[in-house]
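In what follows, a structure is listed as structure tokens, so that the remarks can point back to it.
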Amino acid sequence: MPRLSLWRPIKGNDFNFIDRVIAEHLFAGGTAVLVHKYLGIHETPDTGDATRPSTGGGGDETFIQDLLFLENRDRKYDTNIYELRGQYSISDGDAFDLTQFGLFLSNGSLLINFHIESMVKALGRKLMPGDVIELPHQRDDLLLGSDDAVNRFHVVTDGSRPAEGYDPGWWPHLWRVKLGPISDSQEYRDILGTGENPEDLRNLISTYSDAIAINDAILEAAETEVPYDPQYRNNAHLYFDPEVPDKPVIDFGGQDGIPPNGVSLVGSGETFPVGTEGDYYLRTDFVPNRLFKKTGTRWAMVGTDQRAVWSAANKILTGFVNNDNTRIDDQTGQTVPEKTNLSQVVRPRTD
Amino acid sequence: MATTPTTGNMSYFYDEQLKRYLLQIVRVFSHFQVREYSDGVAQYNRVPVQYGDSSRMVANILRNNSENVINSAPFIAVSIESLKIARGRMQDPTNVDTQQVAERAWDPDTNSYSSEQGSLYTTKRYMPIPYDLNFKVDIWTTNTDTKLQLIEQIMILFNPGIQLQSDSNPLNWVNVFEMEMTDINWSSRNIPQGVDEALDISTLSFSTGIWISPPAKVKRQTIIQRIITDLHNTSSVADLNFSNELFDFFGSIEDTAEIVVTPNNYRIRVDGTIITLLDNNGMAQSWSKLIEMQGNLSATSILKLNITNDTDDESTAVVGYVAATVDDTELLFTLDVDTLPADTITNVARIIDARSSSPGVSGLPAASVGQRYLLVSDISAAGYPLWNITAKENDIIEYNGSNWFVSFDYGAHSIAVLAAIADDDLPDLPDEYVTNTTTSIQYKWTADGWISSYEGTYREGYWRLIL
């Protein structure tokens, strides 16, 4: 009689029997899990940066997009959705944790067990970090302020074989994945969409549009208080009589390029007209534009138009950053932007 | 109009000053974008910014009261870290600054400002209190590339700081403030990551020097501007051991002279009920041009005439209402007779030339007891028997039932007054006033004769127009 041993170096019939039982157990008692399979990285242009290699038409799951930061950002997901069965323990979540702005839910981390063979049969591989899963049974069809319904989305952050998934012959049958919440971010744009199309899932499941609307409201209030560049003072409604020497004066000076007291410009341009005494003229060849008043035989500068578009940067810096000017490349004849990153300024041409 | 509620000894006020600072601070970070690729095509996503301390209720509303709604990343959160009083920027704590400003007139027909002057305001601003507002900006990102994109765009702004504005009101003297980056906490994560994949949070710390101001006083200015400039008997402030650290240094210096200034140094001529505006050369000037600098004439506009030699003495000012006339150089003056000086001499019935008229002759009534006349010419008893009195020009004569006699001897009074002026030991004689009951005009005695008690030309500083 041979010595007793449950260990078999190959997956034999015992393994198959147990595996089918486990698969049936998970199918019968598990919940449906919809899988958005990670396929690799979207085609990225070849920038000549060795740390960011071009996918070159490939870019499968093993491709690493950024070799310096070691991260895959522009992820590509299968448009087909795979259904698996999984089991996990539902736990009570704590309160909505605002210390993380809701980006992390305290009950957002789940551990779900899948049957390995069923999983590989469906997906062609095991679930891996980056795969996104939906839990239909967590579907919420009672959204506040909306008649739509959304599933619960998670991303796989880890995968391992759980201790309870080994049979008496020491062969594993289960794959346990750790799930975290996804965010509406670059990594999941393939699934959520950009929001430009009305049917994009992003419009339904993400707070982005609300966050932008809130931000816009703040901007509108800020622009009401300060409509132009920080040198501007709103004094158009005030009266200024320059001929009264002891007249009180508050910060006058044609800062909006408009003559005081509602007087009309006789014109604007790059050369002065003949003009008559007291005429106001805006020279547009100056930046910012300058306001002149005809006084005797001369045009006296009485202010500058400070109504520049508001920018957090000072005027000089704004001129460098918000620079939409273009130039003609002498050698190629092409129109190219004047704004050039400093590291790319007048670099040697490639053959 | 509702009054502001008062608790104890302080009334309610709230100007949302900190909120306005926060609006502009959030604005600084509200225009950044991040680039991402989709099938080789670059797309740019704007990064939303919000105030960090959201209420739980709003946070749940934003996610439709569902655990399934997800937040977007990257995003930026701004929150106040601390607010500290800035002793180093404190200045004169009790300083009150006064500014005057005119508003363009509002045309209700067009609902727009006209090119004419409207109301004139005097604003008083109390010294604001300096604070250092420290806040942090959390940058939430899901990958390092996005993080670096945002950080690089933000870092070029602060060298070391930027200048911002909390509002664009030219009368708000503290609406410009500086914002300076003070620290960067590169990441909230452990490196390398542990068992959990967490979002990365970079925290940028900033400090801004802000000011909190109490309410200002805004008054509608109705008196034509009158500036009294103190002159001190020295040619250099250094001679006074001047120190700019001493509050109100000049307040302790005794004034030795003053210059009285009215707009353009205009004078006025009062002629009966007509007030004419004059320049230094005596040329008539436009009232409307002067008045529109300060406001508008109204039914309650009054003119004050200072009939003393002291510009500050308004206790005896003669006052009357003024109104516009068809002649822009003239105003119609309606005297308030109660403001005239009290008569010191009994009224006269008329001012007459006794040589051309007599009692009961040429329009004069027959003599009666108490009848009094002011003479404009000399008469003698021999030459004018109907009067039977010898009197001089400017004398006041009175009938006692049987004869005319000199009631006020102008010559003798003049000698007494001139003697008093020449000799400091003699007591000053009071001014003499008498009213002609026929014309109701009051006259004042002068060494050169009787003159109207208030008519004449008033120099700058001796008249005030209250609109």
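We name chains A, B, ... by the order of the sequence lines, and we start the count at 1 in each one.
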Using atom types as modelled and distance alone, determine if a side-chain donor or acceptor of Arg104(B) lies under 3.5 Å from a backbone N or O of Ala236(A). yes
Would a distance-only check, ignoring hydrogens and angles, find a side-chain to backbone donor-acceptor pair under 3.5 Å from Glu103(B) to Tyr239(A)? no
Side chains of Pro48(B) and Ile214(A) in contact at under 4.5 Å (non-hydrogen atoms): no
Carefully, step by step, assess Arg46(B) and Asp216(A) under the rule salt bridge (Lys or Arg N to Asp or Glu O under 4.0 Å). CA-CA 11 Å; Arg46(B) 183 177 144 200; Asp216(A) 285 343; 2.7 Å; yes
Sole candidate of Asn45(B), Asp145(B), Asn143(B) that passes side-chain hydrogen bond (donor to acceptor under 3.5 Å, both in side chains) when paired with Gln186(A): Asn143(B)
Under 4.5 Å from any heavy atom of chain A, what part of [X] do you find: side chain, backbone, both or neither?
{"X": "Val47(B)", "result": "backbone"}
{"X": "Asn172(B)", "result": "neither"}
{"X": "Tyr113(B)", "result": "side chain"}
{"X": "Arg20(B)", "result": "side chain"}
{"X": "Gln153(B)", "result": "neither"}
{"X": "Leu22(B)", "result": "neither"}
{"X": "Val26(B)", "result": "side chain"}
{"X": "Val176(B)", "result": "side chain"}
{"X": "Ser112(B)", "result": "neither"}

So, Ser168(B) versus Glu225(A): side-chain donor-acceptor pair below 3.5 Å or not? no
Non-hydrogen atoms of Phe69(A) and Leu148(B) that approach each other most closely: CZ-CD1, 3.1 Å
Set out, in order, the CA-CA distance, both residues' side-chain angles and the distance that settles side chain to side chain donor-acceptor pair (under 3.5 Å) for Ser146(A) and Asn64(B), then state yes or no. CA-CA 8 Å; Ser146(A) 173; Asn64(B) 300 108; 5.7 Å; no
State plainly whether the residues Arg189(A) and Glu36(B) are in salt-bridge range, i.e. N to O under 4.0 Å. yes
